[in-house]
Amino acid sequence: MRILGIDTSCDDTSASVVGEGYEIISNVVSSQTEIHKKYGGIVPELASRKHIEMIWPVVDEALNKAECVLAEVDAVAVCCGPGLIGSLLVGCGFAKAIAYAKGLSVVAVNHLEGHIFSAFLEAHKPEFPFLALIASGGHTSLYLAEGFGQYSELGRTRDDAAGEAYDKIAKLLGLGYPGGPVIDKLAREGNPRAFDFPRAYLPESFDFSFSGLKNAVRLVVTEQPAPIADQTLISDIAASFQSAVVDVLVRKVEWAIVKKGIKRVVLSGGVSANSGLRKKISGMADERGIELFMPSPALCTDNAAMIAAAGLHRFKSGNIAGLDLNPKAYLPL
Ligand code: KG4
Ligand code: ZN
């Protein structure tokens, strides 16, 4: 069994071949960071145009690396949302075209289910039930996963996603796009207690909120003469901001563990690649005897292997999409 996965939900064009047992045979990700960097965020129109240019070379490379041809895959799994609609249309249109030409099945995969399935691509696979934190550029939600396809949302962000907050703070500090990796690096050199930024714990709720934090950082930054030249100050702001984000994410997961009595936690989405989050949540998991599943950083950020993994499961359960598959920008899990 071989599934060709395709993800064009945002700014990365990705294709992957995944085999039985969620084995990654190939996983190719073509990043558009260089294009969007100068704008401090993703420009949707440019993203779709680049996907059109890259989709075939990326799929071709994934097939070559997997040493197979299209006719040898069993199905094409494609991300059908949520995401940027122009970008999604490229992946879905391409997947339907190659499937029609080669007589293959198309499997539609929700991007968020893909993120959850990134945990199944590692050697140590989670068993149900588990809690899944998806923290990315577009989403920050906590789910209770009770089985394949059985996910209930416990909470979600009421404003910015965690990754979005990272990207906006990085832009404010003149650190470029994407903000997560650079703030993560600077935070390691800074003092996390230099600024007492607010943590929105929102008692009795599993929801998140990062807009107050973002505003508090903005106030500190705008008080300084621009651009900030003091590298220690930049690192201290980064460390204090990151500490506030991580505290909230870990506290919410911990609260869900207590309230729901669940002993397994899956981390996924780009922000899960964060070293501060990985360290703090590992400490909490050790203390509480929780089994923690953290995909390697490259599988936390967008990739088609996670789409193929979720697609593999859907294909086996006969969940096939028609050639009328239409992606959706807003698509709850
Ligand atoms: O999952 P992802 O690749 O795409 C979406 O589905 O949104 O997540 C991208 C987000 C960006 O906001 C990026 O800044 C953030 O993940 N990110 C990080 C790190 N690496 C990527 N945030 C914090 N620390 C990181 N190391
Ligand atoms: Zn994503």
Side-chain angles (χ1 to χ4, degrees), residues 5-14 16 27 29-33 36-37 40-42 44 47 79-84 87-88 91 109-119 121 132-141 143 156-157 160-173 175-188 190 192 208 210 213-214 238-239 241-250 266-281 294-307 309-310 329-331 333:
I6 294 177
D7 185 78
T8 61
S9 57
C10 196
D11 61 334
D12 291 327
T13 317
S14 181
S16 164
N27 188 25
V29 181
S30 167
S31 165
Q32 297 185 7
T33 301
H36 303 285
K37 214 157 100 179
I42 299 160
C79 171
C80 60
L84 299 172
S87 294
L88 290 163
V109 174
N110 183 304
H111 187 75
L112 301 174
E113 185 176 40
H115 273 303
I116 292 176
F117 265 80
S118 60
L121 294 164
L133 174 72
I134 304 180
S136 69
H139 299 269
T140 296
S141 301
Y143 291 92
R156 61 159 66 193
T157 183
D160 287 356
E164 195 180 349
Y166 266 94
D167 295 337
K168 286 180 179 166
I169 296 306
K171 191 175 180 182
L172 199 65
L173 290 169
L175 299 172
Y177 174 85
V182 58
I183 291 187
D184 191 1
K185 188 164 172 278
L186 288 170
R188 276 177 240 148
F208 303 88
F210 297 103
L213 167 63
K214 190 182 66 186
F241 161 75
Q242 176 157 304
S243 159
V245 174
V246 168
D247 280 356
V248 170
L249 293 176
V250 176
V266 164
L267 280 199
S268 61
V271 179
S272 301
N274 185 268
S275 60
L277 174 61
R278 293 170 88 90
K279 194 170 165 207
K280 181 148 183 146
I281 206 156
M294 292 191 294
S296 58
L299 293 175
C300 286
T301 47
D302 287 352
N303 65 87
M306 68 187 200
I307 301 298
Y330 175 74
L331 187 66
L333 183 57

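Read the numbers this way: they start at 1 and go in the same order the structure lists the ligands and their atoms.
- Salt bridge absent: K171 and D167 never bring a charged side-chain N and a carboxylate O closer than 4.0 Å.
- Counting the atoms of ligand 1 from 1 in the order shown, those under 4.0 Å from a heavy atom of G138 are 7 (O).
- Counting only heavy atoms from C-beta outward, the side chains of V182 and Y166 never approach each other to under 4.5 Å.
- Closest protein heavy atom to atom 19 (C) of ligand 1: G270 O, 3.5 Å.
- The ligand atoms of ligand 1 that sit less than 4.0 angstrom from a heavy atom of H115 are 1 (O), 6 (O).
- Using a 4.0 angstrom heavy-atom cutoff, H111 counts as in contact with ligand 1.
- Between the side chains of D184 and S275, at least one donor-acceptor pair of N or O atoms lies under 3.5 Å.
- Looking at every heavy atom in both residues, N110 comes nearest to L333 through ND2-CA, 3.6 Å.
- Closest N/O/S atom of D302 to the Zn ion (ligand 2): OD1.
- Within the 4.5 Å cutoff, no side-chain heavy atoms of C79 are placed close to those of V109.
- Metal site remark for the Zn ion (ligand 2): H111 contributes an N, O or S atom at a distance under 2.8 Å.
- Proximity to G163 (heavy-atom distance under 4.0 Å) selects the following atoms of ligand 1: 12 (O).
- If you number the atoms of ligand 1 from 1 as listed, the ones under 4.0 Å from a heavy atom of A273 come out as 26 (N).
- Within the 4.5 Å cutoff, the side chain of L172 has no heavy atoms near those of the F241 side chain.
- Residue-ligand proximity, T301 to ligand 1, at heavy-atom distances under 4.0 Å covers atoms 3 (O).
- Taking 4.5 Å as the limit, some side-chain heavy atom of D302 sits within range of a side-chain heavy atom of S9.
- Within the structure, ligand 1 lacks C10 among the residues with a heavy atom less than 4.0 angstrom away.
- Close contacts of ligand 1 with P178, meaning ligand atoms under 4.0 Å from a residue heavy atom, involve 14 (O).
- No side-chain heavy atom of T140 sits less than 4.5 Å from a side-chain heavy atom of V271.
- The shortest N or O to N or O distance between G269 and ligand 1 is not under 3.5 Å.
- Side-chain contact check for C80 versus L331: some heavy-atom pair is nearer than 4.5 Å.
- The two residues L299 and S118 have their closest heavy-atom pair at O-CB, 3.4 Å.
- Under 2.8 Å from the Zn ion (ligand 2) lies an N/O/S atom of H115, whether from backbone or side chain.
- The protein atom (non-hydrogen) at minimum distance from atom 6 (O) of ligand 1 is D302 OD1, 3.1 Å.
- Proximity of D184 to ligand 1, defined as any heavy-atom pair under 4.0 Å, is confined to the side chain (atoms from C-beta onward).
- Put simply, the side chain of H139 reaches to within 4.5 Å of the side chain of P82, judged on heavy atoms.
- For the pair F210 and L249, the minimum side-chain heavy-atom distance is below 4.5 Å.
- For atom 22 (N) of ligand 1, the nearest non-hydrogen atom of the protein is G180 CA, 3.3 Å.
- Residue contacts with ligand 1 for D167 involve side-chain atoms from C-beta outward but no N, CA, C or O (heavy atoms, distance under 4.0 Å).
- Here is the list of ligand 1 atoms found below 4.0 Å of a heavy atom in G179: 14 (O).
- N274 ND2, 2.9 Å is the protein heavy atom nearest to atom 24 (N) of ligand 1.
- In terms of protein heavy-atom proximity, atom 9 (C) of ligand 1 is closest to G137 N, 3.7 Å.
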